[in-house]
Amino acid sequence: MGRRWSVAPWKGRMVVSSESERFIADINTDFPEWYQDVVRKADLAESSPVAGCMTIKPYGYALWENMVRVLDDAFKETGHENLYFPALIPESYLQKEADHVEGFAPECAYVTHGGGKELEERLVFRPTSETIIWQTYARWIESYRDLPLLYNQWANIMRWERRPRLFLRTREFLWQEGHTAHGTREEAMEETMTIVNLYRSFVRDVLALPVFMGRKSEMERFAGAVETFAIEAMMKDRKAIQAGTSHFLGQNFAKAFDVTFQNEKGEREYVWGTSWGVSTRLVGTVIMGHGDEKGLSFPPKVAPIQVVIVPIYRDDTRDRVLGAAHELAKDLKAAGIRVKVDERDQLKPGFKFNDWEMRGVPLRMELGPKDLDKEQCVVAERVSGAKSPLPLAGIADALVARLAATQKAMYEAAETFREANTKEVDSYDDLKALMDEGGFGLAHWCEGSTCELTVKNDTTATIRCIPEELEGAGKCVVCGADSPGRVVFAKAY
RNA sequence: CGGGGCGUAGCGCAGCCUGGUUAGCGCGACUGCUUUGGGAGCAGUAGGUCGUUGGUUCGAAUCCAAUCGCCCCGACCA
């Protein structure tokens with residue numbers, strides 16, 4: 001898998017491989033390789049001895065943890081409680097909902113032996129927990145007084161994917177899955193929408209990425225759901241990624257697992273359900289949504305390290321500079337900033353600059369003896385590359401403000417990028433051309449599966465979602481029939 | 001599951017076609033000295049069942065077969 005690097009002509013020699021190994025592939029010409037490079041070289045994760053599974057390393061896990069913290073608070077604020085169901089599910093449970101089993105059976109992993117003996121009934125390692133949860137809810141729910149049930153769990157999931165990629169599609173991954181039960185259709189639908197809107201705000205305000213939010217077509221719907229809603233973000237290669245889903249389950253699982261309650265009038269009714277989730281795929285979403293030719297670029301709100309201090313010293317100034325760096329770090333920490341002092345003694349500052357840029361740290365502080373003499377430091381921004389001196393007095397407040405500005409700038413850049421690569425198209429030829437060059441195509445669709453499939457076969461692009469804001473009469477771009485609105489077409493992860 | 005590429009030191013590679021001393025190189029690691037404001041230099045040290053199994057041969061990293069794994073494209077799929 002050798003990589004060739006172009007010769008820098010003025011140097012008059014080949015850039016040797018030892019040098020180029022420090023660099024990453026070109027994001028514009030070799031996106032998949034770029035992705036692998038940044039994940040590996042930034043120490044986010046690596047693949048494991050078991051195909052398709054990954055070891056998440058501390059820097060990558062910290063990113064996930066930051067997302068988990070914000071989301072978990074948001075779930076609790078909206079009235080949800082956490083609990084935990086086991087990973088192993090009796091095979092027979094999975095069989096009870098017809099669409100569900102059809103959707104998940106091909107990618108299930110089974111436990112067949114335990115204690116040295118073959119099990120009487122195989123156990124499925126959960127590909128999602130609807131079945132075991134609804135089986136249990138049947139016992140937990142008796143009356144309208146037990147409703148709503150607003151539960152969430154943080155768990156690992158196993159789906160035997162055929163083509164795994166770190167964070168984007170792994171056989172084992174981490175996620176949260178909310179499973180709620182309600183007394184009325186309206187209430188369950190409201191819950192579905194509350195969560196998908198929560199996901200949208202999270203991705204916008206915390207991950208700094210704009211999304212399209214909308215209904216899924218019947219073809220793209222979750223196995224067992226009546227309606228699926230999703231948020232779709234654009235990656236730097238102009239492909240779409242589904243960043244979160246929220247499902248209105250209707251009474252499908254209640255009927256499959258006989259989950260009923262007595263209403264105020266004493267009548268038995270089936271309960272209404274929802275389920276919703278986001279996963280470690282969000283890490284991949286951030287990587288591909290913000291990365292550039294220099295590597296990763298993390299929004300301050302989730303960056304494991306928000307400010308890195310690179311001390312610059314010689315032997316005779318080491319103690320002075322390092323001492324000042326640690327004092328500053330203490331101040332920044334007190335101001336709530338996630339800060340790190342890069343004390344690696346054997347590396348030159350220049351190397352560290354590039355290293356932390358590749359690893360996506362939003363702000364870098366350079367601190368040397370000359371700065372200390374002037375009671376200042378030099379602050380460099382990852383996104384703009386701009387470097388400027390800042391007085392040490394009041395530095396914590398100044399950096400808090402810069403982090404906020406960076407968060408905003410990153411969202412705006414992502415939005416500009418998405419706008420530039422999103423087009424309304426009104427002919428099938430235009431749609432095919434756009435899907436070929438990459439980007440989101442907003443086109444009218446008659447809601448027929450035949451037309452949807454035609455597009456998929458011709459372009460490999462799919463309908464990512466059907467946003468409410470694109471409603472309005474028109475003619476289907478494929479067949480010319482009446483269309484209730486535009487939908488988002490794109491190639492997707 | 002189909003097409004293509006690849007498994008040699010922690011990482012990146014050469015060697016294989018045309019079998020033959022002790023399997024090389026760069027980076028990294030370790031030790032020492034000099035360095036340190038945009039990817040440091042010199043000297044020395046350690047590090048390998050050549051993915052695995054079987055076969056051909058006096059002799060296999062090299063030839064043959066099988067097998068496992070990784071990457072890309074496609075099919076399938078959150």
Side-chain angles (χ1 to χ4, degrees), chain A residues 1-5 14-25 30-33 35-37 40-41 43 46-52 102-108 127-128 157-171 173 175 177 216 219-223 225 228 230 232 240-245 247 277-282 284-285 294-295 310-318 321-322 342 344-358 364-373 376-378 380 385 387 389 456-457 460 462 464 491-493:
Chain A
M1 243 163 306
R3 203 167 302 129
R4 286 180 304 281
W5 295 86
M14 289 297 292
V15 176
V16 297
S17 65
S18 55
E19 281 179 40
S20 52
E21 282 317 313
R22 294 191 194 135
F23 295 84
I24 54 179
D30 207 355
F31 196 83
E33 183 105 32
Y35 182 80
Q36 287 207 132
D37 280 352
R40 188 166 45 89
K41 297 192 178 185
D43 260 334
E46 61 184 34
S47 53
S48 81
V50 177
E102 195 185 325
F104 282 102
E107 45 189 289
C108 284
T128 179
I157 289 296
M158 198 163 282
R159 297 178 184 173
W160 218 250
E161 302 290 351
R162 301 206 167 176
R163 205 178 141 190
R165 300 184 71 183
L166 293 178
F167 291 116
L168 301 175
R169 182 180 285 107
T170 45
R171 287 182 171 171
F173 58 92
W175 80 348
E177 47 179 326
K216 281 284 186 183
M219 264 176 65
E220 300 283 326
R221 192 178 293 158
F222 174 73
T228 288
E232 297 279 337
I241 195 166
Q242 178 174 295
T245 47
H247 313 292
V278 295
S279 70
T280 34
R281 177 181 256 196
L282 285 176
T285 302
K294 287 195 281 188
V310 177
I312 295 155
Y313 54 76
R314 302 174 180 218
D315 273 353
D316 56 335
T317 49
R318 175 188 275 114
V321 172
L322 281 179
D342 188 345
R344 292 176 293 178
D345 195 42
Q346 68 284 12
L347 298 176
K348 294 185 71 172
F351 180 90
K352 295 179 180 180
F353 296 168
N354 288 289
D355 191 42
W356 292 113
E357 281 167 4
M358 188 268 289
R364 175 181 72 244
M365 180 192 292
E366 302 171 11
L367 191 69
K370 293 180 210 164
D371 297 309
L372 291 177
D373 290 343
Q376 65 163 39
C377 62
V378 173
K387 251 173 144 164
K456 190 174 179 182
N457 289 336
T460 75
T462 49
R464 300 319 305 155
K491 294 186 184 179
Y493 278 97

| request: State whether A:Phe173 and A:Arg281 meet the cation-pi test: NZ (Lys) or CZ (Arg) under 6.0 Å from the six-membered ring centroid, and within 45° of the perpendicular axis. | output: no
| Candidate nucleotides B:G38, B:G39, B:C76, ranked by approach to the side chain of A:Asp355 - the nearest | B:G39
| If you check every side-chain atom of A:Phe351, which of B:C76, B:G39, B:U36 has the closest atom? | B:G39
Starting at [atom1] of [X] and ending at [atom2] of [N], how long is that distance when rounded to a whole Å?
X	N	atom1	atom2	value
A:Lys348	B:G28	NZ	P	13 Å
A:Asp345	B:G32	CG	P	12 Å
A:Asp30	B:G5	CG	P	17 Å

Which part of the nucleic acid does [X] contact within heavy-atom distance under 4.0 Å: base, sugar-phosphate only, or nothing?
X	value
A:Glu366	base
A:Tyr493	base
A:Lys370	base
A:Pro127	nothing
A:Lys387	base

| field | Presence of donor-acceptor pair under 3.5 Å, side chain of A:Arg364 and base of B:G38 | value | yes
| said: Is it the case that the base of B:G39 and the side chain of A:Glu357 share a donor-acceptor contact (distance under 3.5 Å, atom types as modelled)? | reply: no
| Taking for each residue the nucleotide of RNA chain B with the nearest heavy atom, is it A:Pro369 or A:Gln346 whose nucleotide lies nearer the 5' end? | A:Pro369
